[in-house]
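Everything below concerns the one structure shown next.
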Amino acid sequence: MPGGDSLVGERYEVEVGPVAHGGGHCVARHEGRVLFVRHTLPGERVIAEITDGTTTSRFLRADAVEILDAAKDRIAAPCPFSGPGLCGGCDWQHVTPGGQRKLKGQVLTEQLAKLAGLTPAEAGWDGSVEPVGGKLPAGEVPAWRTRVQYAVDRESGSVGLRKHRSHDIQPIDRCLIAAEGVTELGIESRDWTGLASVDAIAATGSSDRQVILRPAPGEQLPLVELDKPVSITRVDEQDLFHRVHGRTFVRERAAGRTWRVSDGGFWQIHPEAPDTLVDAVMDGLDPQWGEMALDLYCGVGLFAGALADRVGEEGAVLGIESSKRAVEDARHNLAALENVRIECDRVETLLPRTGITATDLIVLDPPRAGAGRETVAHLAGLEARRIAYVACDPAALARDLAFFREGGYRPVSLRAFDLFPMTHHFECVAILEPIGAQ
């Protein structure tokens, strides 16, 4: 544990510097010490209140509690639960949509330079973070979040969302970024006494709604009545899922197919994300009839299905996924495609055992930590014509791009998509080719 006296609650006047990766904060300095400050913008002068750190900490965390000089991209936060000490779900409620995308572009630029030694031009990126979805009237927040995990206050039984870097709960009566299908369930107006959390899922392209309930230790499941028809699943203390009412899955619609996604399994949470990412990956790879393709960390089979359609019956697609539930869904979703095989294991474990020594195309959509040096080295050895890397973390992407360069691959195009408005998150699709390929 760090020593020193706590500085929590101390206030300093600071000039705010550039945006930093992760956490929605910007960098400031006070008497030589770095402060990571939330609820501010580059170029502002603010009063920063310390939220974490001591007199011996290497850096301090802080919230901007008073804005002395505002940046031009600052707006009044539309959400009443956004701000210092309140809900931690959004990072950039106080920033215009264009300003948010600019900040994300600055983060990606910095991570590419720092971890991959690449300029935007060298990465094949035009420097923009592309908006997704229609333009909204000023002051209106995009309701994009089709999955929301509510925490339950044990005393009151009311739901809320976690505060930033905290287990504390901010009670809410509505989440502005929640999709309409989530909001219409009326979860915020119910008493959830006896539960630890309530997950709400609203499928895109079908009317399926699912609520996943996790009782608090030793508590029984309450009787649940919501404002719309909904499937209900309970999670026990061993993290096993049990059907209470209705289906154990939702049906999502994307890339010309219906997808079964069971028990809250991974699916992109912006309604337009699956089609946006499939289009970017297929445009970048340009799959040809008869080619062999790998879909790694394949989830319920989204990219594998799109690849299979394009490589045709003379081609073949192998998907690898470590979640048993996702593999069952992927096999169900792609059962009509004879040119697809889905295997259940970790990519780094199974790939070396497949005996595959070469392939034409690779798609990888790894977890937030990235694929890592060893897996990247193995992929580079398969001599693929093109590789599509889908990334939700710019630092992991940049690190892996550096590893790919060691293996003889370079990015020829990079696109960034604003699939998580109001937060610091965004998604990237990088297309790589062998160095020297024309």
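Heads up: numbering here begins at 1 and tracks the sequence.
Formation of a donor-acceptor pair under 3.5 Å by the Ser166 side chain with backbone atoms of Lys163 is not found in this model. Checked by atom type and distance alone, the side chain of Asn333 pairs as donor or acceptor with a backbone atom of Arg260 at under 3.5 Å. A donor-acceptor contact shorter than 3.5 Å is absent between the side chain of Lys102 and the backbone of Ser128. Of the possible polar contacts, one joining the Glu44 side chain to the Leu41 backbone as a donor-acceptor pair under 3.5 Å is found. At least one donor-acceptor pair under 3.5 Å links the side chain of Arg385 to the backbone N or O of Leu285. The backbone N or O of Ala254 sits less than 3.5 Å from a side-chain atom of Trp259, completing a donor-acceptor pair. Looking at Thr51, its side chain does come within 3.5 Å of a backbone N or O of Arg61 through a donor-acceptor pair. Listed for the Arg162 side chain is a donor-acceptor partner under 3.5 Å among the backbone atoms of His167. Remark: side-chain polar atoms of Glu321 are paired, donor with acceptor, to backbone N or O of Gly299 under 3.5 angstrom. Asp295 contributes a side-chain N or O that, together with a main-chain N or O of Ala304, makes up a donor-acceptor pair within less than 3.5 Å.
When every heavy atom of Arg29 is checked against every heavy atom of Val34, the shortest pair comes out as NH2-CG2, 3.7 Å. Shortest non-hydrogen contact noted between Trp92 and Gln100 is O-NE2, 3.3 Å. The nearest pair of heavy atoms linking Ala402 to Ala116 is CB-CA, 4.2 Å. Between Val37 and Thr40, the closest heavy-atom pair is O-CG2, 3.4 Å. Minimum heavy-atom separation, Ala255 to Asp275: N-OD1, 2.6 Å. Among all heavy-atom pairs drawn from Ala200 and Tyr150, the shortest one is CB-CE1, 4.2 Å.
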Candidate pair Ile342 and Leu334, rule side-chain contact (heavy atoms from CB on, under 4.5 Å), full reasoning: CA-CA 9 Å; Ile342 307 291; Leu334 305 175; 4.2 Å; yes
CA sep, side-chain torsions, deciding dist, call: Lys324, Asp329, salt bridge (charged side-chain N to carboxylate O under 4.0 Å, His left out): CA-CA 9 Å; Lys324 286 193 176 69; Asp329 284 343; over 6 Å; no
Show, in sequence, the C-alpha distance, side-chain angles and deciding distance for Arg341 and Glu343, and conclude whether the salt bridge (charged side-chain N to carboxylate O under 4.0 Å, His left out) test is met. CA-CA 7 Å; Arg341 196 169 95 240; Glu343 296 290 351; 2.9 Å; yes
Should Val107 and Thr109 be marked as a side-chain contact (heavy atoms from CB on, under 4.5 Å) after you check the CA-CA gap, both sets of side-chain angles, and the distance that decides it? CA-CA 5 Å; Val107 167; Thr109 300; over 6 Å; no
I would like to know whether Asp365 and Leu296 meet side-chain contact (heavy atoms from CB on, under 4.5 Å); could you show each step before the answer? CA-CA 7 Å; Asp365 184 2; Leu296 308 178; over 6 Å; no
Is there a side-chain contact (heavy atoms from CB on, under 4.5 Å) between Glu291 and Gln288? Walk through the geometry before answering. CA-CA 6 Å; Glu291 286 192 312; Gln288 303 296 307; 3.7 Å; yes
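Using a 4.0 Å cut-off between charged nitrogen and carboxylate oxygen, Arg209 and Glu184 count as a salt-bridge pair. Salt bridge annotation for Arg257-Asp309: present, with a cationic side-chain nitrogen under 4.0 angstrom from a carboxylate oxygen. The residues Glu188 and Arg174 are annotated as not salt-bridged, no charged nitrogen and carboxylate oxygen being separated by less than 4.0 angstrom.
Arg251 meets the side chain to side chain contact (heavy atoms under 4.5 Å, CB included) test with Ser206, Asp208, Arg247, Phe249, Thr258; sequence neighbours excluded. Remark: Phe59 engages Phe36 in a ring pair (Phe, Tyr, Trp, His ring centres under 6.0 Å) (not counting sequence neighbours).
For the residue pair Asn339 / Glu313, no side-chain donor-acceptor distance below 3.5 Å is found, with atom types taken as modelled. No hydrogens or angles considered: nothing links the side chains of Glu272 and Thr276 as a donor-acceptor pair under 3.5 Å. Using a 3.5 Å distance cut-off with no hydrogens or angles, the side chains of Glu328 and Ser262 do not pair a donor with an acceptor. A donor atom on one side chain and an acceptor atom on the other are not found under 3.5 Å apart for Gln170 and Asp168.
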Counting only pairs under 3.5 Å, give me each side-chain donor-acceptor contact of residues 367-378, with atom names and distances, residues two or more places apart or in other chains.
residue, atom, partner, partner atom, Å
Arg368, NH1, Cys392, O, 3.3
Arg373, NH1, Glu406, OE1, 2.7
Arg373, NH1, Glu406, OE2, 3.2

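Relative ring orientation between Tyr389 and Phe404 is described as perpendicular, the plane-to-plane angle rising above 60° on a 0-90° scale split at 30° and 60°. The aromatic rings of His94 and His39 are tilted relative to each other, their planes meeting at an angle between 30° and 60°.
Here the side chains of Ile356 and Leu318 are in contact, with some heavy-atom distance below 4.5 Å. The shortest side-chain heavy-atom distance between Ile47 and Leu68 falls under the 4.5 Å cut-off. With a 4.5 Å cut-off on side-chain heavy atoms, Trp267 and Leu302 count as touching. At a threshold of 4.5 Å between non-hydrogen side-chain atoms, the residues Val363 and Tyr297 do not count as touching. Under the 4.5 Å side-chain criterion, counting only non-hydrogen atoms from C-beta, Arg190 is in contact with Asp227. For the pair Leu195 and Ser197, the minimum side-chain heavy-atom distance is 4.5 Å or more.
With values rounded to the nearest 0.5 angstrom, Ile187 atom CD1 is found 5.5 Å from Trp192 atom CH2. Ile201 CD1 to Arg147 CZ: the interatomic distance, rounded to the nearest 0.5 Å, is 4.5 Å.
Note that Arg386 lies outside the cation-pi zone of Tyr409, set by a 6.0 Å cut-off to the ring centre and a 45° limit from the axis.
When each of Thr248, Asp236, Asp263 is paired with His242, the side-chain hydrogen bond (donor to acceptor under 3.5 Å, both in side chains) condition holds for Asp236 and for no other.
At most 12 heavy atoms of other shown residues, nucleotides or ligands fall within 6.0 angstrom of atom CD in Glu383.
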